[in-house]
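Below you'll find the structure, written out as structure tokens, and then a few comments.
Numbering of ligands and ligand atoms starts at 1, following listing order. Heads up: numbering here begins at 1 and tracks the sequence.
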Amino acid sequence: MAGFIYGRDLLHRFEGNPIVALDDIPFRCNTVFNGSPIKKDGVYYLLIRVEGQMGYSFFALATSRDGLRFTVEEEPVMSPSEKGDFAKYEKRGIEDPRITEIDGNYYVMYTAYSKFGARIALAKTEDFYNYERIALVSEPGNKDGILFPEKINGEYVRFDRPIGNGTGSMWISYSKNLVDWGKSEVLMTPRPRYWDSYRIGASIPPIKTKEGWLEIYHGVKMTSSGPIYRIGTVLLDLKNPTKIINRSVESILSPREHYERIGDVGNVVFACGAIVEDNDEIKVYYGGADTHICVATIKLSELIDFSLNSQ
Ligand code: BMA
């Protein structure tokens with residue numbers, strides 16, 4: 001694909017990376033983390049986690065006609081709640097939004113931060129500029145909440161990532177109304193010595209394919225100079241997403257470029273969403289070093305092939 005670099009990783013980085021950096025943010029802030037994309041009526045919307053100079057995060061919006069060149073709106077679109085039920089739990093910011101479309105409705109699962117810790121919250125939007133909060137949908141100690149794009153066996157489904165005995169594993173939970181969640185089951189755990197040996201979490205809203213739900217997740221490996229964040233894939237059964245068809249042995253993207261190595265948190269690639277184009281291309285949007293937003297691509301069929309056969 002023209003404009004993309006064929007390197008050591010399975011995903012091909014856009015040669016124009018980073019697509020959003022600090023200089024592209026029209027208001028004063030400290031850094032830009034990652035973004036969740038949606039394509040609607042030919043426009044790409046990217047809901048971005050930005051950290052302000054005060055140290056906590058909120059959301060900005062960027063738009064694009066080609067999914068590669070983005071313009072960031074003049075003002076943030078969603079800030080921590082200052083009154084009402086959410087305020088107490090968003091005192092230390094809101095982070096890592098993930099937008100999922102379900103039957104023409106756009107839901108955002110995000111992390112609400114407070115002195116009590118991280119919990120998953122749910123909001124809704126129609127235009128990506130205005131957000132209506134629906135509910136806090138987990139207790140503290142849980143993040144990486146991501147909705148599946150359709151109900152399975154009559155219930156909404158989400159990934160989440162409770163911190164149990166110090167490790168972070170990926171779980172799946174169910175709900176009849178998007179507010180009350182339960183029937184939680186562990187899906188997968190870190191793999192000792194692998195790239196995802198320390199902590200894992202879902203990264204993008206899962207993509208429905210004939211071969212199963214394709215999920216891109218992040219994995220952390222701890223090293224003597226700190227954590228390294230990479231991404232990999234897992235394929236899940238369409239009717240029973242707690243059933244793993246195959247989990248990739250290799251990661252599909254590792255921090256290598258300077259914009260992934262150097263920043264507020266170095267050695268991080270952290271995806272929050274992807275767009276599948278009509279020509280079988282998938283664009284994966286990710287944060288680099290908690291300081292840049294980047295995009296990388298591959299043919300969806302190739303990614304599925306890899307995900308089915310990587311072992
Ligand atoms: C995660 C989230 C991400 C961030 C990553 C690496 O827990 O906070 O936004 O990119 O850590 O620092």
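Against a heavy-atom cut-off of under 4.0 Å, D96 is close to the following atoms of ligand 1: 2 (C), 3 (C), 8 (O), 9 (O). Close approach to N34 involves these atoms of ligand 1, each under 4.0 Å from a residue heavy atom: 3 (C), 9 (O), 10 (O).
Ring orientation note: the planes of F159 and F148 are tilted relative to one another, at an angle of 30° to 60°. Ring planes of Y285 and F70: perpendicular class, angle over 60° (limits at 30 and 60°).
Between the choices V265, D290, D264, D144, the shortest heavy-atom distance to atom 6 (C) of ligand 1 belongs to D290.
Atom CD of E139 is surrounded by 12 or fewer heavy atoms from other residues, nucleotides or ligands within 6.0 Å.
Regarding atom 11 (O) of ligand 1, its nearest protein heavy-atom neighbour is Y229 OH, 3.4 Å. Among protein heavy atoms, atom 1 (C) of ligand 1 sits closest to F270 CE1, 3.8 Å. Protein heavy atom closest to atom 7 (O) of ligand 1, with residue, atom name and distance, is K143 NZ, 3.1 Å. Scanning the protein heavy atoms around atom 8 (O) of ligand 1, the nearest turns out to be R49 NH1, 3.1 Å.
Residue T111 does not touch ligand 1, judged by heavy-atom distances below 4.0 Å.
For F116, the ring pair (Phe, Tyr, Trp, His ring centres under 6.0 Å) partners are Y89, not counting sequence neighbours.
Under the ring pair (Phe, Tyr, Trp, His ring centres under 6.0 Å) criterion, no residue pair touches residues 290-311, with sequence neighbours excluded.
Side-chain atoms of R191 and D196, non-hydrogen and from C-beta on, do get closer than 4.5 Å to each other.
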